[in-house]
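First comes the structure, then the notes that go with it.
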Amino acid sequence: MAGHSKWKNIQKRKNAQDAKKGKVFMRHAKDIYTAAKQGGGDIATNASLRLAVDKAKADNMPSDNVERAIKKATGTLDGASFEEITYEGYGPGGVAVIVHILTDNKNRTAAEIRHAFKKNNGNLGESGCVAFMFDRKGYIVIGNEDGNINEDDITLQAIEAGAEDIVVEDDSYEIYTTPEDFEEVRNHLNELDYTISDSEVTLIPQTYSSLPEDDEQKMLNLIDMLEDNEDVQDIHHNLELS
């Protein structure tokens, strides 16, 4: 993982997306869905869901959108039956892509996902074709824009709490854990009053791929098309943005 910053990739994508309010709401909806799916739809007893909802409301996400995301996760949306599907494939230049779907019409969604890949010089593959290139990890970002956090202190505190690795950037620390230790490490850092910029259990690429400018733009277009699909819950890839 050393030398690769997932946070830098995230920030570059967010800078392009934040001008579109719909993109912001989509990200919040995915966070709310994930939290509700993992811990239940009761905000009073699910701390992760409560945090996700608070972040969404801070960005003025409508309550109806919040409720829809929770109901999708708990299977109570207008009696609809939703199915979880994972697609794997390759973007331009062989970039590995994993797409997690929640849909009430898998035939429609399959056609839309296949079209997005084909239009941007990618192709869908068989199940497992790229999954082995990713590791499931807990991921926590501590912002350090003002440079006041001592590297030795936060490294020691994170490792003592159970973290596996820490990547040091100019303005942030990226902390990696096993999925099992994620909550404990995050709670420990919260108790030490660190400001957590981002945190999730996610898929981390084992290696990253850089692309020529034309192919990188096609890959970004593919990501945009997938993100615009309301059935898409998560997208993972190993593109290293230039």
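Side chains included, hydrogens not; waters and symmetry mates left out as well; all remaining heavy atoms used.
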Could you pull out all donor-acceptor pairs under 3.5 Å where a side-chain atom in residues 40-47 meets a protein atom, sequence neighbours excluded?
{"unit_1": "Asp42", "atom_1": "OD1", "unit_2": "Ala44", "atom_2": "N", "d": "2.9"}
{"unit_1": "Thr45", "atom_1": "OG1", "unit_2": "Asp42", "atom_2": "O", "d": "3.4"}
{"unit_1": "Asn46", "atom_1": "OD1", "unit_2": "Ser48", "atom_2": "N", "d": "3.2"}
{"unit_1": "Asn46", "atom_1": "OD1", "unit_2": "Leu49", "atom_2": "N", "d": "3.1"}
{"unit_1": "Asn46", "atom_1": "ND2", "unit_2": "Ala35", "atom_2": "O", "d": "2.9"}
{"unit_1": "Asn46", "atom_1": "ND2", "unit_2": "Gly39", "atom_2": "O", "d": "3.4"}
{"unit_1": "Asn46", "atom_1": "ND2", "unit_2": "Gly40", "atom_2": "O", "d": "2.9"}

Compute whether any side-chain donor of one residue and acceptor of the other, for Asn144 and Ser172, lie under 3.5 angstrom apart. no
Heavy-atom side-chain contact between Lys137 and Glu164 under 4.5 Å: yes
Among Asp215, Asn221, Asp214, exactly one meets side-chain hydrogen bond (donor to acceptor under 3.5 Å, both in side chains) together with Gln217. Which residue is that? Asn221
Does the side-chain contact (heavy atoms from CB on, under 4.5 Å) test come out yes or no for Arg186 and Glu183, once each step is laid out? CA-CA 5 Å; Arg186 185 179 63 175; Glu183 288 287 348; 2.8 Å; yes
Supply the atom-to-atom distance Ile32 CD1 to Glu67 CD, rounded to the nearest 0.5 angstrom. 9.0 Å
Once rounded to the nearest 0.5 Å, what's the spacing between atom CE of Met219 and atom CG of Asn238? 8.0 Å
Worked verdict on Val167 versus Tyr176 for side-chain contact (heavy atoms from CB on, under 4.5 Å): CA-CA 8 Å; Val167 174; Tyr176 296 86; 3.8 Å; yes
Return the minimal non-hydrogen interatomic distance between Thr202 and Ile204, and the atom names on each side. CG2-CD1, 3.7 Å
Cut-off 3.5 Å, no hydrogens considered: what does the side-chain donor-acceptor table look like for residues 86-100, sequence neighbours left out?
{"unit_1": "Thr86", "atom_1": "OG1", "unit_2": "His100", "atom_2": "ND1", "d": "3.0"}
{"unit_1": "Glu88", "atom_1": "OE1", "unit_2": "Gly128", "atom_2": "N", "d": "3.2"}
{"unit_1": "Glu88", "atom_1": "OE1", "unit_2": "Cys129", "atom_2": "N", "d": "3.1"}
{"unit_1": "Glu88", "atom_1": "OE1", "unit_2": "Val130", "atom_2": "N", "d": "2.9"}
{"unit_1": "Glu88", "atom_1": "OE1", "unit_2": "Ala131", "atom_2": "N", "d": "2.9"}
{"unit_1": "Glu88", "atom_1": "OE2", "unit_2": "Gly128", "atom_2": "N", "d": "2.9"}
{"unit_1": "Tyr90", "atom_1": "OH", "unit_2": "Cys129", "atom_2": "O", "d": "3.4"}

Any pair counted as salt bridge (Lys or Arg N to Asp or Glu O under 4.0 Å), so long as it reaches residues 201-211, sequence neighbours left out: none
Salt bridge (Lys or Arg N to Asp or Glu O under 4.0 Å) with Lys37: which residues, sequence neighbours excluded? Glu84
Please round to the nearest 0.5 Å and tell me the distance separating atom CG of Leu203 and atom OH of Tyr139. 13.5 Å
Residues clustering with Ile196 (ILVMFWY side chains joined when closer than 4.5 Å, directly or via others): Ile140, Ile142, Ile149, Ile154, Ile166, Val168, Tyr173, Ile175, Phe182, Val185, Leu189, Leu192, Tyr194, Val201
To the closest 0.5 Å, what do you measure between CG (Asp31) and CG (Leu51)? 9.0 Å
Taking atom types as modelled, is there a side-chain donor on Asp181 or Thr178 under 3.5 Å from an acceptor on the other? yes
Judged by atom type as modelled, is there a donor-acceptor pair below 3.5 Å linking the side chain of Asn229 to the main-chain atoms of Met225? no
Nearest non-hydrogen partners of Asp59 and Phe25, listed with the distance: O-CE2, 3.4 Å
Check whether any side-chain heavy atom of Leu156 lies under 4.5 Å from a side-chain heavy atom of Ile159, and answer yes or no. no
Would you check, one step at a time, whether the test salt bridge (Lys or Arg N to Asp or Glu O under 4.0 Å) holds for Asp231 with Arg108? CA-CA 10 Å; Asp231 294 331; Arg108 177 201 68 217; 2.6 Å; yes
Side-chain donor/acceptor of Asp146 to backbone N/O of Asn148, under 3.5 Å: yes
Hey, could you give me each pair passing ring-ring contact (aromatic ring centres under 6.0 Å, His included) that has a residue in residues 110-137? Not counting sequence neighbours. none
Close side-chain approach of Thr109 and Asn107, heavy atoms under 4.5 Å: no
Minimum side-chain heavy-atom gap Leu102-Glu83 below 4.5 Å: no
Which pair of heavy atoms, one from Ala29 and one from Ala69, lies closest together, and at what distance? O-CB, 3.7 Å
